[in-house]
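Beneath this line is the structure, given in C-alpha cells, with notes to follow.
Each chain gets a letter, A, B and so on, in the order the sequences are listed, and its residues count up from 1. Heavy atoms only: backbone and side chains are in, while hydrogens, waters and symmetry mates are out.
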Amino acid sequence: MSGTDQGAFSIPAMGRAYDVDTIERKWQRRWLDEGTYEVDNDDPRPPFYALCMYPYPSGSAHQGHVRNYTFGDLVVRHQTMLGRGVLSPFGFDSFGLPAENAAIKTGTHPRIFTDARIAELKESLIRLGAVYDWRREVRSHDPEYMRWTQAIFLRLLQAGLAYRANAPVNWCPGCQTVLANEQVLADGTCERSGDLVVKRDLEQWFLRITAYADELLEALDSLEWPERVKTMQRNWIGRSEGAEFDLPVVGRDGRDGRPALALRVFTTRPDTSFGMTYAVVAPEHPILDELTTSDRRAAVEELRRRVAGETDIERMASADGGKALDKRGAFTGSSVMNPFTGEPVPVYVADYVLMGYGTGAIMAVPAEDERDWAFAEAYGLPIVRTVQPPADWESLGGRAYSGEGLKINSGFLNGLDVASAKVEALAFLESKGLGTATVNYRLRDWLVSRQRFWGCPIPIVHCPEHGAVPVPEDQLPVLAPDDVEFLPTGQSPLALHQGFLKTTCPIDGGPAERETDTMDTFVDSSWYFLRFCDPFSADVPFDPAAAVHWMPVDQYIGGIEHAILHLLYARFFTRALIDVGLAPGLEREPFRRLFTQGIIRMDGTKMSKSKGNLVTPSRYFETVGADGLRLFHLFVGPPGDSFEWTDQTDQVIEGCGRFLDRIWRLMSDDQRVTRSGEQTPADLAIRRATHRAVAQVTSDLDRWSYNTAVAHCMELVNELAGYTRGDQPPHADVLDEAFDALLLVMAPMTPHVTAELWEARHGAGSPLHAQSWPSFDPELVVEETVTLVVQVNGKVRDRLEVSPTITEDDAIGLALGSDKAREALGGAEPTRVVARPPRLVNLVI
RNA sequence: GCCCGGAUGGCGGAAUCGGUAGACGCGGAGGCCUCAAAAGCCUCUGUCCGAAAGGGCGUGCGGGUUCGAGUCCCGCUCCGGGCACCA
C-alpha cells in the first residue's frame, strides 16, 4: 500500500480513460484512515448486521473470495446508504490443517505461516475495496479468542452438553486425526484429504448436538434461507417417527412369565408387524453373544470379524456392488416371538443393520422393505404381504411394496389404511407393555476432539485420582508451547512435549497430564459472529447486550459447501450458549437470511487452489481495477448460480472496464456545451430514463438481481451517450440529475470510480459514501408511450404507440383500425376480442 | 434408487403477475475517425425463404389447459447438486 500515490503525475494504464490504480488506492486509503465503515455499539441508526463467512486464510484472495466479498461489500454499502448502522466485521478461521502440514514440510511454525497468509489476504481485500470495521477483527488462533473458545467448552461441559466417551470413530489416515460424521463424504472418504476413512475405537470428546435435534429441525421453517440448504439440513437431521418394542427370545422365559431376554427393535412401520418373518441384529450388537447358539458360533464370529475389518464403503457394497448376498448375514440359532402373530421367527445377524441407528436391531418385513426382501430371497425366508399392492404390481415385476394400500394378512389391522394401522399397532404394543412410540434421528453427537497441534487445546487435565478435570477459568487460555518439533509421525507434537503434557491436578495438586487433543476448527467458527458484536470485552466472551443489539445476522453470505457443517453447528452453538447462560435474551437463530453464492468453475471443475486452476484477481486490479473486476462478478450472471471461467471471460471483464471508461469520459468532458431554461421532450425522456433506472436498480438490489442492476445502469449510460451528442446541447439540470443518480446507484457496486467522479462534481466536503440512496418520482417512471401489440389469433400483427392510460374501448378501436390487423383478419369479423390495455389487444376469429 | 435445481441466439444471460421472446454484455459484420494503426464512436447481428416489402419457424422433447405458454399442468430426455443399507 505504499509508493503508489503519485497523484496528478500518474498515467492511465494502457487504453484506460482514467488512472485506475491511483484512484482506487486513494479511496481505499481514505476509507481506512477515516474509519468510514467502523460502527460503534451505541450507533443510533437502526442496526444491520452484514456478514460473509470468515475465511480460512490461504494467502492472496482468489476469485471465489472476490465474488463473495463483492456481494458482501455491496450489501454493506447499500444498507449504509439506506440509513442503517451497518456492522461489517471481518476475521479469519485461522486454525487448520494446511498450516500444520506446511510446518511439517518446512519447519516453519504454523503461527508464522498463518499470520503471513492473513496479512496477504487482508491486503488483497483492502485492494478489492471491501470495507470492514477492522477494529473488530477476530482470529481463531488469537489467545484472547482461544481463551473464550475454551471457556465456552467448559461451560458446555458443566451443563452436560460436552462429554467424553469411547466410541467407534472415523479415523482419517491422511489427516492423522478423527473426523466428525459431517466431514466424511458419502463414499466413505475424508472431505479434506480424500483418504478412505477407517473405524477406530477411541476415547473422544463430543458435543451433545442431538439434544437440539428437534429444535434445529423445526426452526428451519422460519428461516429465510435457500430451500435447498434447509432441505439438506432436514435430511441430515433425519427425524423419523416410529415404534420401539421388545421381541421376547424364545426359550428364555424368566420368572412371572416375563421374558428373561428380549430383543428391542425400532421400526417406522409398526403396521407391517404381521409380516415380520425374521429379525436382524447388527454385528456389533451386545446381545449377539447371548443369542448365538454353539452350533452357529463359528459362522457368526466369521461374519463379525469380517465386518469389523471393513470400511463403511466396503460394508455398504450390496449384491450388485459385488458382494454375494448370502455372505451378508448368518443365522444366530435363536428365535424371537412376533408379538402380533404369536409365532416364533429366526434371528439373523447381518451387515445391513447398523448399531448406530435405532436399537441396532430390526424386525424384518421383506414384503414392505426392499433390503429385507433381498435378504429374505437370498436366505430362503418367507415373504408375507401386509399391504395390498396395486393390481398390476407383481405383473410389472414389483417386489417389496412400501406405498399406500389396505392392510391384509394382518389380523386386527386388516382393512385399515397404513396410517390408521400404525396408530392401532402402536396402541396394541403400548397396551401390552411391549413398546412405545419413539422418534429417531440420523444426527449424531458432534465429535470435536482432533489429534492435531494447530487447533484450540481442549482445556482439560487428566488426573489419576479425579479423572478429566477442567482447567480453572483463571488459568485460561491453555496455549500450545512454541518449542515443538513438527515431524511427519502422525503424532501430535503436544503429546510428545513433556513441558506441556506434565502438569498438576487442579483439585489435589498431584501429578497429572494435560489433554493433548485440540478442538475441531468448526468449534471456533460456531461463535465468531457473536464475538464480532463485542470483540473488546476481556471478562466475558461477548457482552450479551451487544449481541442482542446486533444479532441475528441480517444477511449472511457464504458458500453452499457449508450448508450442513458450519451452519448446523453454529445454529446449535447459539442455542447452547443461550441455554448455559452466556447469551441471555439472544434470538435462538443466528442467521436470519442466508445467501449462498455460486461457485466458479473452470474446465468443468471448481476453481480452487487444490485443483491448481486459479486465475488470480491481482492481474485485473492492474488493468480494469477492483471496480472493473467487481462489476464483472456482479454482471456475469445471477449471484446464486455458478459460472464457468472460459477463454471469453477476459473479454467480458475487459468490457466491464470499458463501461467504466465510458462513464468516466461521459462525465469528465470539459468541452461540453450545455443549455438551461425550457425543457424539451428529449430532455424529459432522459429524466424518465434516469428515474426508471433508479427504480429498477433499487428493486434489483432488493432481490439480489445484481446482473440486471448492472444492465440497467448500462442502459442509462447508452441513453445518456445518445443524449449528449444529440442535435442540441444537453440541458444542464437534466444531465446533472442523471449523472448524480447514476453515481449514487452504482456506488455500492463500483465504489472507487464513482467516489472520484462524485468528488469532482461536488467537492471533497460531501463524499459519495456519505450520501443517501436516491429516490425516484413514480410519475416519471411510467413510460410516456407504450407499445400496444395487436394480435390476430394470438399472433403479433401490428405494434402501435399509445398512451399508457389508454382506455379499453380506444385500444380496441385502434386495433380494429389497424391495416395490418385487417389484412390478417382477411375481411372476417372477430368473434372475440381480448383487450389488456395498454399492452395488448387480441382479435380472435 | 430417492430428493432438489436447471435446459432460452455463436457465448454469458434478460423477460418480476400467463400478454411484444432474446434486455444488457461478449463475440461477429460493416462504417466513421486516421497517412496508417490502436483507442474511441456509429449501424446491423435468433433462424429460414426473399432483391425488398414481407412472411414461415423458434425458449431440451411429446402432449394438455388457455384468446394467448419460456412462464401453468401431465409424461419424458439430458445436465448439475444433495442424500443414499438410517429400518
Please list, pair by pair, any protein nitrogen or oxygen found under 3.5 Å from a nitrogen or oxygen in nucleotides 11-15 of chain B.
unit_1	atom_1	unit_2	atom_2	d
B:rG12	O2'	A:Val636	O	2.7
B:rG13	O3'	A:Asn707	ND2	3.3
B:rA14	OP1	A:Asn707	ND2	3.1

Pairs under 3.5 Å (N/O, protein and nucleotides 39-42 of chain B):
unit_1	atom_1	unit_2	atom_2	d
B:rG40	O3'	A:Arg665	NH2	3.3
B:rC41	OP1	A:Arg662	NE	3.3
B:rC42	OP1	A:Arg725	NH2	2.5

Set of residues satisfying side-chain contact (heavy atoms from CB on, under 4.5 Å) with respect to [X], sequence neighbours excluded:
{"X": "A:Glu829", "answer": "none"}
{"X": "A:Pro389", "answer": "A:Arg385, A:Trp393, A:Tyr401"}
{"X": "A:Thr649", "answer": "A:Phe632, A:Trp645, A:Thr646, A:Ile653"}

Counting the atoms with a prime plus P, OP1 and OP2 as sugar-phosphate, which does A:Thr267 contact under 4.0 Å by heavy atoms, base, sugar-phosphate, or nothing? sugar-phosphate
Within the structure shown, what part of the strands sits under 4.0 Å from A:Gln791 by heavy-atom distance: base, sugar-phosphate, or nothing?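 Base, at least one base heavy atom under 4.0 Å.
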Taking only residues at least two apart or on different chains, which pairs with a member in residues 781-793 of chain A satisfy salt bridge (charged side-chain N to carboxylate O under 4.0 Å, His left out)?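 Checked against salt bridge (charged side-chain N to carboxylate O under 4.0 Å, His left out) - neighbours excluded - the pairs reaching residues 781-793 of chain A are A:Arg688-A:Glu784, A:Arg692-A:Glu783.
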Between which residue ranges does RNA chain B form stems of three or more consecutive Watson-Crick or G-U wobble pairs, both distances under 3.5 Å? B:1-7 with B:77-83, B:10-12 with B:24-26, B:27-32 with B:40-45, B:46-49 with B:54-57, B:60-64 with B:72-76
Here's a test of your reading of the structure: between A:Tyr352 and A:Gln696, which maps to the more 5' nucleotide of RNA chain B?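 That would be A:Gln696.
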At a cut-off of 3.5 Å, list every protein nitrogen or oxygen paired with a nitrogen or oxygen from nucleotides 57-59 of chain B, distance to 0.1 Å.
unit_1	atom_1	unit_2	atom_2	d
B:rC57	OP2	A:Lys795	NZ	2.9

List the residues meeting ring pair (Phe, Tyr, Trp, His ring centres under 6.0 Å) with [X], not counting sequence neighbours, and say none if there are none.
{"X": "A:Trp373", "result": "none"}
{"X": "A:Tyr352", "result": "A:Phe375"}
{"X": "A:Trp664", "result": "A:Tyr18"}

Is there a donor-acceptor contact under 3.5 Å from the side chain of A:Thr386 to the main chain of A:Ala367? no
Under 4.0 Å from any atom of RNA chain B, heavy atoms only: list the residues of residues 837-845 of chain A that qualify, in numerical order. A:Arg839, A:Leu840, A:Asn842, A:Val844
